[in-house]
Each structure stands twice: as C-alpha cells, then as structure tokens.
Amino acid sequence: MRSYRSLFRTPEFTPYLLSFAAFAAAQTIGGLALGTLVFRATGSPFLSAVSMFGPQLAQLLGGAFLLSGADRLPPRAVLTGLALAFAAGTAVLALPGLPIWAVFAVVLLQGLVASLGGGVRGGLMNEILSKDGYVLGRSVFNMLWGGTQMAGFATGGALLVLLSPRTCLLLAAALYLLSALVTRLGLTARPARSSGRPSVSATWRTNALLWSSRPRRLTYLGLWVPNGLIVGGDSLYIAYAPEAAGTLYAVGALGMFVGDMAVGRLVPPALRPRLATPLRLLLAVPYLFFVLRPGVALSAVAVTVASVGFAASLVLQERLMSLTPDDLTGQALGLHATGMAALQGIGAVLAGTLAQLTSPATAMTLMAAASVTVTLTLAALGRHEERRSAVPGTRPGALPEPAVTDRP
C-alpha cells in the first residue's frame, strides 16, 4: 500500500483518524489552557510545565499495572471510555477556585487512564490496515497529530486572547465528547486481540518479555529518551515566550507534519532504517541555538527545523514491529507510547527544575545537549549489537518468542 488513495479507501480508517483528531485537538487546546492557567496563578515555570505534561509522566504507573488491557480488552470500548474520562476530568479542571493540589490530582488520574490509549490505537491500526500499509498509515496518523497540534495550539493561543483559560478547558471537554461519539458510531465492535483477563501480573510478564531482547531495548530507548528530553524543553515555551507560546507549539507541529510526510511517503523503505540517528540529531541540534536567547522569529525557525526530527519515531516504530510477535503488538506499542509519554513527563520536570535554577533558555539548551549525547551513545551501542549479531553462533535477538498466557 503506497498511495493515500488506497489508504483512505480502507474501511474504518477515516473514522479512526477523525476520532483521534478530536481527541488530539482537545489535548492541545486543553493543555495550553491549563499550562497558562497554572502559570498565571503561580508564576512558576516548573508547575506550568508539569501541568501540561504531567499526565504523560503518570502514564508510567499505568503502563506498569494496566497495559495488558491493550490486547485483552475490546478496542472500541476502551477508546470510547478513555475519551469520556478525559472529558469529565477536563471539565473538573475548569471549576473556579480549584486548588493547585486538586489540579495535579486530576492530571495524575488522566495519565493513569491514558496509559491504555497508545497501545489500543496502535494495535487497532494493525487490524484496520494490512501489513504493507502500516508505515504509510502511521505516517498519516503522525501527520494528523502534527497538523492537529499546529491548528490546536494556534487556535488555543488565539482563544486565550479572547477567552479565559477555564472557558478553553470547557471547549476541550466538548471535543473529548465528540471523540467518544465518533469512536462509538464509526468503529466496529471488535473482540480483544488476546485471550485472558487483563491483570497486573500479565502486564509485568509481557513487559518483561518485550524488554528481554537487547535489540528491542535499544529501540525503545531510542524512541523514548532523545524525544523525551526535547519535549521536556518544549514544555518551557510558555515561560520562555508567554505571548508567543502558541506560535512556537504550532510551528513545531508544522515541522513534525513535514517530517512524517517525507519519511512516510517519499523515503524508500530500504533507506528508512539509516535515518534513525540523523533524524534524532536533527531533533536536538537546533535547540542548542537557544543558548543565544533568540527572539520569537528565530526561535520559530529553530523549532520548525528541529521538529522534522520527530519522524525518527516512525522509523523506530517500524523497527520495533519487525522485532515483535504479532500477538504482542498492542502491548509493544502501548509500552512504547507509555514509555515515551513518561520520559516526556520526566523531561518536563527536569526542564522545569533547570529553568527554576537558571533560565528557560539555558534549560532548553541543556536538554538539547543531553539529547544529542544520548543519541550518539545509542548509535554506538547499536553498531556494536549489529557486529555482535553478525558473528557466527551468536543470538541475533529476534528469534520467535513464547506466547504469554495467564496462569490458572
């Protein structure tokens, strides 16, 4: 499947994308509104960053205990329930006089329930599309995410000039309800992909199996750490340029859109594996420029160019799928989504702490330098693994793996 026409002719793919678009729009508008609300109330870059990206940090707990549900629960029911839960939580965040501790309690709960979303959506895409359509479909999914972020942050920034943050939060809650409605009416009620009940023990066993392969470990770390450090720096846009934060988030989404379109549609499949390291470096290097404290225009150029590097995730997800048995794809993608979200949350905490101690510009530069260091280290480890696997008699790390079943 190499054309967008054939992709969109696939039954259910369009409502699948529309339900996600409404969910993503709610996240961007609601996240910007909440970060602005907290920053105005506290004046703290740290609390503002954590309020926007705290749900992602909380997903780490959900991934440790709930992730087996990604393959063992009906996908339509999970995605509908997830959107309804976010609608309710966002409406609570809009309540006047809500104390800061209660804001972060809601953020924590949202992160816990969100831990199932990435795995369920990724596994459902595998069911909707054929194997040869996954990369193109995933690139469209990522492009939609980038485009929705671009429109959502631009719209959110404009709305915050005209409306209060609490009103924008209520608008986000309405978009979550729309996502739930499209999911319920537009998708088929499929059974769970794997038998057995979701449980903490099943989650831990499958996560341990997924983590047991060294090539998969390196792939997961490449997906999580460089990305998380840069997104942590991105969480400081409000503190760095309060009046232009929506613009910086929007141009970042534009760069991500361009990168995913180029890698998913234009780059030949044989060339894609070679782009993982260059794209991760591109993601970080332009942020080193922030040591000079550029103005909004130059900052927007740097952010746009850097965000093209987010397409590295598309390359590494393809590698992850090639290393994973079919009956574990939902939890494998869920572990990826949870780990990436958690590292982004940790990155936001780290960046916010550095900004409190230094300045937003200095913190963003340090996060970029750390991302470059991690990428180069992982590239060296990957080359060593390839040489080791090429030696006769060594285990390549991608052998068939035993099925994971519930114990009686």
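Position 1 is the first residue of the sequence; numbering continues from there. These numbers were taken from a predicted model, which means no experiment stands behind them. Values below: every heavy atom of this structure, side chains too, minus hydrogens, waters and symmetry copies.
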Compare every heavy atom of [Y] with every heavy atom of [X], then report the nearest pair and how far apart it is.
X: S371; Y: P226; result: OG-O, 3.2 Å
X: L316; Y: A276; result: CD2-CB, 3.9 Å
X: V263; Y: R272; result: O-CD, 3.7 Å
X: P165; Y: T36; result: CG-CG2, 4.5 Å
X: G252; Y: S307; result: O-CB, 3.0 Å
X: A311; Y: D260; result: CA-OD1, 3.7 Å

Nearest 0.5 Å, what's the [atom1]-[atom2] distance between [X] and [Y]?
X: L335; Y: R216; atom1: CG; atom2: CZ; answer: 10.0 Å
X: L17; Y: T148; atom1: CG; atom2: OG1; answer: 9.5 Å
X: L159; Y: L32; atom1: CG; atom2: CG; answer: 9.5 Å
X: Q27; Y: L34; atom1: CD; atom2: CG; answer: 12.5 Å
X: L221; Y: L381; atom1: CG; atom2: CG; answer: 9.0 Å
X: R40; Y: L160; atom1: CZ; atom2: CG; answer: 6.0 Å

Suppose we screen for ring pair (Phe, Tyr, Trp, His ring centres under 6.0 Å). Which residues come up paired with [X], at least two apart in sequence or across chains?
X: Y240; value: F290
X: F23; value: F86, Y176
X: F39; value: none
X: Y220; value: W224

Donor-acceptor pair, [X] side chain versus [Y] backbone, under 3.5 Å?
X: Y249; Y: D234; value: yes
X: T373; Y: A369; value: yes
X: S235; Y: G232; value: yes
X: S322; Y: R319; value: yes

Show the numbers, then the answer: is there a side chain to side chain contact (heavy atoms under 4.5 Å, CB included) between L378 and T277? CA-CA 9 Å; L378 290 173; T277 297; over 6 Å; no
Heavy-atom check, side chain of [X] versus side chain of [Y], under 4.5 Å:
X: I230; Y: M367; value: no
X: N227; Y: F310; value: yes
X: T90; Y: Q110; value: yes
X: V303; Y: Y287; value: yes
X: L47; Y: F104; value: yes
X: L79; Y: R184; value: no
X: R121; Y: L82; value: yes
X: L7; Y: L129; value: yes

Take T183 and R76 through the test side chain to side chain contact (heavy atoms under 4.5 Å, CB included) and record every step on the way to the result. CA-CA 7 Å; T183 300; R76 187 180 73 173; 4.1 Å; yes
Could I get the full list of side-chain contact (heavy atoms from CB on, under 4.5 Å) partners for L292, not counting sequence neighbours? F289
Salt-bridged, R190 to E12, with N to O below 4.0 Å? yes
Please step through side chain to side chain contact (heavy atoms under 4.5 Å, CB included) for the pair L223 and M340, ending with a clear verdict. CA-CA 7 Å; L223 282 163; M340 184 175 67; 5.8 Å; no
Under the criterion side chain to side chain contact (heavy atoms under 4.5 Å, CB included), I'd like the reasoning laid out for R274 against V315: C-alpha separation, chi angles, the key distance, then a yes or no. CA-CA 9 Å; R274 304 177 189 176; V315 176; over 6 Å; no
Atom pairs and distances, donor-acceptor, side-chain atoms in residues 350-358, under 3.5 Å, two or more places apart:
| residue | atom | partner | partner atom | Å |
| --- | --- | --- | --- | --- |
| T353 | OG1 | V349 | O | 2.8 |
| T358 | OG1 | L354 | O | 2.5 |

